[in-house]
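As C-alpha cells, the structure follows; a few thoughts come after it.
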Protein chains: 2
Amino acid sequence: MLNLTKKADYGLMALKYLAEHPETVAMSAKDIADAYGIPAQLLAKILQKLTKSGLLKSHAGMNGGYALARDAREISAYEVIHSIDGPFFITSCTKGTNGCELTPSCTIKEPLARVNETIAGVLRSISIYDLSDHEQTAGQSERSSPLVSLAR
Amino acid sequence: MLNLTKKADYGLMALKYLAEHPETVAMSAKDIADAYGIPAQLLAKILQKLTKSGLLKSHAGMNGGYALARDAREISAYEVIHSIDGPFFITSCTKGTNGCELTPSCTIKEPLARVNETIAGVLRSISIYDLSDHEQTAGQSERSSPLVSLAR
DNA sequence: TGAAACGCGGACAGATTTGGTCGTATACTA
DNA sequence: TAGTATACGACCAAATCTGTCCGCGTTTCA
C-alpha cells in the first residue's frame, strides 16, 4: 500500500503544530492531542520517540512539555518518519539485516533500491516548515531549488 | 513503513520473469512460482488480478498460462503495484473517498499529497523492462530523460 | 469423449502489524 | 508534598497480510 502509518502521520502533525506555535516554550502531549483529536497517550509515546531521536526537547513537570530541538526548517519529514516507523524500504525483502535468503533469485530489489533512495530523497527535501502554515506568503524565495534531482 | 506488500513484489518479479522470456508463448503460474520459490496459488491469484487489469493475457487449458499483454517497456511498475495493492496514498487519511472527517484539522495531507504524486511519478517512470536483465548493455540510449522532474 | 493441465474466484484460517490503553515509575515545579 | 508532566514497558483488540483449500470453467491432447 505504500502508506505511512498513523503514528507517522500523528508525529508529523504534532511537529507541524509545534512549528506553528514558536512562541510557546513547551506544549504538552495532551495539548497537541486535543488540538487534533488524536489519542493523547499514543501521541505521548510518539513524541517520546522523537525526543530520543533528538528532534524534540522534552521537559517534565508542571508547565513542561515538548518543543522542537531545532528550527523547523532543519527537520525533515524523512527524519520524523524514520524515527517513528523505523527504516523503511520499498521492497519487503530488503528488510532484514541479511537480504532475502529465501529467494536468492529476487533480482528485483536492486532496481527498486534506487526507487527507494529517490523516495527517501523526496522526503528528506521536505521540512516541517514546509508542512506548516507560515502566513508570510510573499515570494517563494527558497523554492528555487528543485525538490528532487535523480541522476543515474 | 512505506513498503510494498509481498504480493506486489511477487507481481513485479513475475512480470520481470515474463519479460526475460519473450520467446515463450505462455508461462503457467506454477512455472514462475517454482522459479522464484514463491507460493504457486498465491502467485496465481496475483496474476489473475494483473490479467483483469489488462497487463497480462491469460490462456486457460493445457499449455496455457500468462503472457505480457504489452511490450515490457510499456508496463510501468506503478500499474503493477496499483493493480495488486490498489490505489496507494502516502497519508493514511487520504484513503477513504471522503477525506479524513474525523480530523478536519489534518492540514498535513495537502503538502504530502504532492509528495505522494512525486512518488507515483517515480514508479510510473520505471518499466518492467527496466527491472529485467537485458543483456545488451550497450550505451544507455534511452536513459537520457530524467526519471523525475518535480516543479511546484 | 474423457482425462489432464491450466486459469478463475470465493472462502477462510493463521500470522503479523498496527492502533490504542493501562499502570507504574520518574522528574520537575510551586 | 501535592500536582502535573514525561518515560517506558506490558498488554489487548482490530485490521491487514499471507497463504491454503476447494470447486468450477476452459482448453488441449490422446
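Computation of the quantities below employed the complete heavy-atom set of this structure, encompassing side-chain atoms and omitting hydrogens, waters and symmetry-equivalent molecules. Chain A is the first sequence line, chain B the second, and so forth, proteins listed ahead of strands; every chain is numbered from 1.
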Choose from dT6(D), dC8(C), dG19(C) the nucleotide whose nearest atom is closest to any side-chain atom of Lys7(A). dG19(C)

Selected nucleotide, minimal atom distance to Met62(B) side chain, candidates dA5(C), dG3(D), dG7(C): dA5(C)

Validation row: Leu42(B), Lys7(B) side chains within 4.5 angstrom (heavy atoms): yes

Does the side chain of Ser53(A) reach to within under 4.5 Å of the side chain of Glu79(A), using non-hydrogen atoms? no

Can you check whether [X] has a side-chain N or O nearer than 4.0 Å to OP1 or OP2 of [N]?
{"X": "Tyr10(A)", "N": "dG19(C)", "result": "no"}
{"X": "Ser58(A)", "N": "dA7(D)", "result": "yes"}
{"X": "His59(B)", "N": "dA5(C)", "result": "no"}

What is the distance, rounded to the nearest whole Å, between atom [atom1] of [X] and atom [atom2] of [N]?
{"X": "Asp34(A)", "N": "dT4(D)", "atom1": "CG", "atom2": "C1'", "value": "15 Å"}
{"X": "Tyr66(A)", "N": "dA27(C)", "atom1": "OH", "atom2": "P", "value": "15 Å"}
{"X": "Gln48(A)", "N": "dT26(C)", "atom1": "CD", "atom2": "C1'", "value": "12 Å"}
{"X": "Asp9(B)", "N": "dT18(D)", "atom1": "CG", "atom2": "P", "value": "9 Å"}
{"X": "Leu43(B)", "N": "dT20(D)", "atom1": "CG", "atom2": "P", "value": "12 Å"}
{"X": "Asn3(B)", "N": "dT16(D)", "atom1": "CG", "atom2": "C1'", "value": "12 Å"}
{"X": "Asn63(A)", "N": "dA27(C)", "atom1": "CG", "atom2": "P", "value": "19 Å"}
{"X": "Gln41(B)", "N": "dC17(D)", "atom1": "CD", "atom2": "P", "value": "20 Å"}

If you pin Ala60(B) and Met27(A) to their nearest nucleotides in DNA chain D, which one's is more 5'? Met27(A)

Heavy-atom donor-acceptor pair, [X] side chain to [Y] backbone, under 3.5 Å:
{"X": "Asp130(B)", "Y": "Ser127(B)", "value": "yes"}
{"X": "Lys49(A)", "Y": "Ser83(A)", "value": "no"}
{"X": "Thr24(A)", "Y": "Met27(A)", "value": "no"}

Give Lys52(B) one of three labels, base, sugar-phosphate or nothing, depending on what nucleic acid heavy atoms sit under 4.0 Å from its own. sugar-phosphate

Mind checking Ala29(A) for me? I need base, sugar-phosphate or nothing, with any heavy atom below 4.0 Å counting as a touch. sugar-phosphate

Please state whether the base of dT20(D) and the side chain of Lys45(B) form at least one donor-acceptor pair under 3.5 Å? yes

Leu42(A) or Gly65(B), whichever maps to the more 5' nucleotide of DNA chain C: Gly65(B)

Which comes earlier along DNA chain C counting from the 5' end, the contact point of Pro39(A) or that of Gly61(B), where each point is its nearest nucleotide? Gly61(B)

